[in-house]
Protein chains: 2
Amino acid sequence: MEKKIKILLAEDDKNLGNILKNYLEAKGYPTVLSEDGKIALENFKRENFDFCVLDIMMPVMDGFTLATKIRKLDQEIPILFLSAKAMQEDKLHGFEVGADDYLTKPFSMEELLVRIKAILRRSNTPGSSDVSLFKFGSFSFDYNRQLLSSGGEPQKLTSKEAELLKLLCENMNNVLDRTIALNKIWFDDSYFNARSMDVYITKLRKYLKDDPKVELINVHGVGFKLVVD
Amino acid sequence: MEKKIKILLAEDDKNLGNILKNYLEAKGYPTVLSEDGKIALENFKRENFDFCVLDIMMPVMDGFTLATKIRKLDQEIPILFLSAKAMQEDKLHGFEVGADDYLTKPFSMEELLVRIKAILRRSNTPGSSDVSLFKFGSFSFDYNRQLLSSGGEPQKLTSKEAELLKLLCENMNNVLDRTIALNKIWFDDSYFNARSMDVYITKLRKYLKDDPKVELINVHGVGFKLVVD
DNA sequence: AACAAGTGTTAAAGAAAGTTAAAAGCTGAA
DNA sequence: TTCAGCTTTTAACTTTCTTTAACACTTGTT
């Protein structure tokens, strides 16, 4: 059972864009074509993608800027740059902003496809793929069922509580960035959502207070960290 | 605390091979150079590598064959091909045998490095939580939990206090450069941040004053040193 | 000694986070 | 539709953390 991979394609050349879109869809990857960086970013925020193919030179917002903004919202999603320029500095810059690959035009569609596949193979493999049962300290957290148990009667969690706890678990012993959590769960990091998140942190702390080995600590100005020893 | 990445480099051109080996080692990646595919395979079996950089045209055993054999022994290890041929079929073949990337000569060493890093970033991801417990004098400092204990009731530290104390501990009995600390913790060594840091030094001194064997001394114009005897 | 630059220390102001409760929003059953 | 019961957001107040400011003291230099 494989998950359907959805591709965000940002390419201002309509002709090339449509050829690529058709090719990728024929190969089984639903693709959304965006004609400039700004539209691409809006699409990215609205829908759930699994892969980004970004042209660099685009009107309104260039590919580098776009990639930087996407990386802020999602550190994991693979990014592949397409570029007319083979220039060294551009390539290096591309990797600097978090790219997984950089392909120079002209390229063959087959090559684009195998490179996408090579990256996907690596990003899917680790056990990180939708693990829904987390164990830490004396707790066992079932994300799918939204249940948190620690010996006694399992605690039923609300959706938001479960989402937040899942993100914290995925970043166990590491800081979960505030804005990242807000964008993933609330889709927007505004002041009020941030306050809402704080309320949920308090709720989670109440659930977790039974085990002193587990602690949900704040990193001022950055985010929260679920610590277990 | 990062794991050391060891690279297997297969390249029959001694000149290029040594240049690459030296470059990669200068960048912190111990590299074993093998002059043909057969030797490379033997090296792979004998030692533990984390990354393969393979030339394609080599005597005795070509890079594709080598990669196939390596893949049989290890499905996870990243493989990057180097090739003089930009031929399409070769590239596709490379990815078919399980490559993560395919670089055509001539290439810049910087590009090789960033491509290696991009692949490693994706394969490493699982919980890189650095568990750090420092002990000095009568103190025990748990960075993750932001706790400093010395027998009695543990002192809860704030994020900035913990960051700074961690840097000082990592440079125990050595000078921690002011600007280094500022850049790592405040991301900018301006006058005001420097004053802020001084305030934190005072705070840390208060926490540390219980044990006379521990001292946080200033090195005028340079930085601070956490001294323990 | 005189001066400038660097550091020590304390207090305050400002920003971020903790907490609780009420308001608003949502969902399913009557 | 309306209502009850739940989730989520908003609001208000409290506490904590970080930065800024002020002033005193040190160090090194001329």
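Lettering of chains follows the sequences in order, A, B, ..., and the numbering in each one begins at 1.
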Give A:Asn218 one of three labels, base, sugar-phosphate or nothing, depending on what nucleic acid heavy atoms sit under 4.0 Å from its own.
-> sugar-phosphate
Partner set under salt bridge (Lys or Arg N to Asp or Glu O under 4.0 Å) for A:Lys213, not counting sequence neighbours | none
So, are A:Lys69 and A:Asp74 salt-bridged, with charged N and O less than 4.0 Å apart?
-> no
Separation of B:Met197 atom CE from D:dT20 atom P, in whole Å?
-> 16 Å
Side-chain atoms of residues 109-120 of chain B: list all donor-acceptor pairs with protein atoms under 3.5 Å, sequence neighbours left out, distances to 0.1 Å.
from, atom 1, to, atom 2, distance (Å)
B:Glu111, OE1, A:Lys91, NZ, 3.2
B:Glu111, OE2, A:Lys91, NZ, 3.1
B:Glu111, OE2, B:Arg115, NE, 2.9
B:Glu111, OE2, B:Arg115, NH2, 3.3
B:Arg115, NH1, A:Asp101, OD1, 2.6
B:Arg115, NH1, B:Asp101, OD1, 3.4
B:Arg115, NH1, B:Asp101, OD2, 2.8
B:Arg115, NH2, A:Tyr102, O, 2.9

Side-chain heavy atoms of B:Asp50 within contact of B:Ile7, under 4.5 Å = no
Distance only, no hydrogens: is a donor on one side chain within 3.5 Å (strictly under) of an acceptor on the other, for A:Asp189 and A:Thr179?
-> no
Measure from NZ or CZ of B:Lys166 to the centre of the six-membered ring of B:Tyr143, then state whether that distance is under 6.0 Å and the direction lies within 45° of the axis.
-> yes
Residues B:Arg122, A:Asp100: salt bridge by 4.0 Å N-O rule = yes
When the distance from CG of B:Leu204 to C1' of C:dT7 is rounded to whole Å, what number comes out?
-> 15 Å
Just by protein heavy atoms under 4.0 Å, how would nucleotides 22-30 of chain D read 5' to 3' in B, S and -?
-> B----S---
Check whether NZ of the Lys or CZ of the Arg A:Lys203 lies under 6.0 Å from the centre of the six-membered ring of A:Tyr200 and within 45 degrees of that ring's axis.
-> yes
Between the first and last five pairs of the helix from C:dA1-D:dT30 to C:dA30-D:dT1, the angle of the axes, rounded to 10 degrees = 30°
May I ask you to evaluate whether B:Thr202 reaches the phosphate of C:dG8, defined as a side-chain N or O under 4.0 Å from OP1 or OP2?
-> no
Would you indicate what B:Tyr191 reaches in the nucleic acid, counting non-hydrogen atoms under 4.0 angstrom: base, sugar-phosphate, or nothing?
-> nothing
Figure out the CG/C1' separation between A:Asp198 and D:dA11, and round it to whole Å.
-> 14 Å
Between A:Glu11 and A:Lys105, is the closest basic N to carboxylate O distance under 4.0 Å?
-> yes
Gap between atoms CZ and P, on B:Phe187 and D:dT19 respectively (whole Å) | 11 Å
Scan nucleotides 6-9 of chain D against the protein and return all N/O pairs shorter than 3.5 Å with their distances rounded to 0.1 Å.
from, atom 1, to, atom 2, distance (Å)
D:dT8, OP1, A:Lys160, N, 3.3
D:dT8, OP2, A:Thr158, OG1, 2.4
D:dT8, OP2, A:Tyr200, OH, 3.3
D:dT8, O5', A:Tyr200, OH, 3.1
D:dT9, OP1, A:Trp186, NE1, 3.3
D:dT9, OP2, A:Trp186, NE1, 2.8
D:dT9, OP2, A:Ser196, OG, 3.0

Atom CZ of A:Arg178 and atom C1' of C:dA17 are separated, to the nearest Å, by 7 Å
Would you tell me whether B:Glu161 and B:Tyr207 have side-chain atoms, one donor and one acceptor, within less than 3.5 Å of each other?
-> yes
Please list every donor-acceptor pair under 3.5 Å in which a side-chain atom of residues 38-45 of chain A meets a protein atom from a residue at least two apart or in another chain.
from, atom 1, to, atom 2, distance (Å)
A:Asn43, OD1, A:Arg46, NH2, 2.8
A:Asn43, ND2, A:Ser34, OG, 2.9
A:Asn43, ND2, A:Ile39, O, 3.4

Rounding to a whole Å, what distance do you find between A:Phe224:CZ and D:dC17:P?
-> 13 Å
Starting at atom CD1 of B:Ile185, determine the distance to atom C1' of D:dC17, rounded to an integer number of angstrom.
-> 15 Å
B:Gln146 CD to C:dA17 P, straight-line distance once rounded to whole Å | 13 Å
